[in-house]
Amino acid sequence: MGIFGRRKRGTAAGSEPESDVAVPTTDDDNDNGGGYGGGRGDSGGEPHGEAGPYDVDEAPDDGVARMDLGSIRVPVPNGAQVQVEMDQANGTVRAVHIVTSHGQVTVSAYAAPRSGGLWREVSGELADQLRADGARVSLGRGEWGMELSAIVGEVALRFVGVDGPRWMLRGVIAGPQSEAARAPEVLRDIVRGTVVDRGEAPMPVRTPLQITLPEAIAAHLKNRQEQAANQQSSPSQAPSPPQRSPRP
């Protein structure tokens, strides 16, 4: 499987999330404890004096609340929901999706060479993969360089990528074609406000940076999993015998 993975045709997310978790308006896991939502409605966080995304060593003290996923800290728009996609084979988090009214956003970070340029390389591979899957693909220049647009069935996709110091950040938004004009800016706002913490450990190029869940979301998922396990382990009750009326 490549850096982007294979997506099911005709689906917005290309995956089946483990559960949907509503984003709270306040949460102790936020950087400033003031809620995930930014100050510009459904488009994301506050504008920055110097555009991101940011390496953790250069992250601004801008007061924007971000969801801390370990390797990335992502601003979540007001009114959005968070979907957690689990790897059923080993129980780890595969991805965290942000569902907005304009589409589903997924931001992922990868180890990259010091020389940069990884996004240019993998964006070409992604375009070839999408075309092989029957998508209509177009390329264009955006805020950070190459952007990809694709139509897969009724779903519109927009991909952006940013090369940072020894990391690459990739963002994608998937939604209905009716939202294709507004969706890219929602994606850019989230990517622009993201902070990447690659860590110092050496790792092969293209290795996904590990995702860890905020405590509140992890507890919610654990509770859901325990409830499902209890339901599966509970013995089914035998049907009650039919009631017989006494003979007169």
Side-chain angles (χ1 to χ4, degrees), residues 4 12-15 17 20-25 27 29-32 34-56 58-60 62-85 93-110 119 123 142-149 155-164 167-176 179-197 208-209 211 213-214 217:
F4 299 106
S15 60
D20 299 346
V21 183
V23 176
T25 56
D27 195 296
D29 290 311
N30 294 333
D31 284 353
N32 64 1
Y36 293 138
R40 287 192 289 171
D42 204 41
S43 293
E46 297 288 349
H48 308 298
E50 189 172 334
Y54 307 99
D55 186 76
V56 66
E58 301 176 352
D62 53 13
V64 174
R66 294 175 172 88
M67 179 171 56
D68 190 345
L69 298 175
S71 58
I72 54 175
R73 302 170 192 168
V74 186
V76 179
N78 286 329
Q81 286 189 326
V82 172
Q83 288 183 343
V84 180
E85 180 186 344
V93 180
R94 180 178 295 168
V96 175
H97 310 291
I98 302 169
V99 183
T100 76
S101 59
H102 301 300
Q104 175 178 286
V105 176
T106 309
V107 180
S108 307
Y110 303 85
W119 171 241
S123 61
E143 185 170 342
W144 302 284
M146 182 71 70
E147 291 190 3
L148 278 73
S149 300
V155 178
L157 301 164
R158 177 67 66 95
F159 295 84
V160 301
V162 186
D163 289 303
W167 51 260
M168 184 201 76
L169 190 69
R170 187 209 70 179
V172 56
I173 187 167
E179 296 294 333
R182 290 177 288 181
E185 192 54 38
V186 176
L187 171 62
R188 294 187 194 106
D189 276 352
I190 292 175
V191 169
R192 194 180 297 124
T194 297
V195 175
V196 181
D197 186 354
L209 302 189
I211 295 174
L213 296 176
I217 296 179

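Numbers here are sequence positions counted from 1.
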Which pair of heavy atoms, one from [X] and one from [Y], lies closest together, and at what distance?
{"X": "Arg66", "Y": "Gly193", "answer": "NE-O, 2.5 Å"}
{"X": "Thr100", "Y": "Ala80", "answer": "CG2-CB, 4.3 Å"}
{"X": "Ala109", "Y": "Ile72", "answer": "CB-CG2, 3.7 Å"}
{"X": "Leu157", "Y": "Ala174", "answer": "CD2-CB, 3.3 Å"}
{"X": "Asp189", "Y": "Pro75", "answer": "O-CG, 4.5 Å"}
{"X": "Tyr54", "Y": "Ala59", "answer": "CB-CA, 4.0 Å"}

Look up atom [atom1] in [X] and atom [atom2] in [Y], then write down how far apart they are to the nearest 0.5 Å.
{"X": "Gln104", "Y": "Ile173", "atom1": "CD", "atom2": "CD1", "result": "9.0 Å"}
{"X": "Gln83", "Y": "Ile98", "atom1": "CD", "atom2": "CD1", "result": "11.0 Å"}
{"X": "Ser101", "Y": "Arg182", "atom1": "OG", "atom2": "CZ", "result": "7.5 Å"}
{"X": "Leu187", "Y": "Thr106", "atom1": "CG", "atom2": "OG1", "result": "9.5 Å"}
{"X": "Met67", "Y": "Ile217", "atom1": "CE", "atom2": "CD1", "result": "5.5 Å"}

**Prompt:** Residues in side chain to side chain donor-acceptor pair (under 3.5 Å) with Ser108, at least two apart?
**Reply:**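 For Ser108, no residue satisfies side chain to side chain donor-acceptor pair (under 3.5 Å) once neighbours in sequence are set aside.
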
**Request:** Check side chain to side chain donor-acceptor pair (under 3.5 Å) between Glu143 and all other residues, then give those that pass, not counting sequence neighbours.
**Result:** Arg192

Using side-chain heavy atoms (C-beta onward) and a distance below 4.5 Å, is [X] in contact with [Y]?
{"X": "Leu169", "Y": "Trp144", "value": "no"}
{"X": "Val96", "Y": "Leu213", "value": "yes"}
{"X": "His102", "Y": "Glu185", "value": "no"}
{"X": "Leu209", "Y": "Val196", "value": "yes"}

**Request:** Under the side-chain contact (heavy atoms from CB on, under 4.5 Å) rule, collect the residues that match up with Pro176, sequence neighbours excluded.
**Result:** Ser178, Glu179

**Counterpart residues, side-chain contact (heavy atoms from CB on, under 4.5 Å), relative to Ala180 (two or more places apart)** =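 Applying side-chain contact (heavy atoms from CB on, under 4.5 Å) to Ala180 gives Ala156.
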
**Message:** Given 3.5 Å as the limit, does a donor-acceptor pair link the side chain of Trp119 with the main chain of Met146, or not?
**Reply:**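 Answer holds: yes.
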
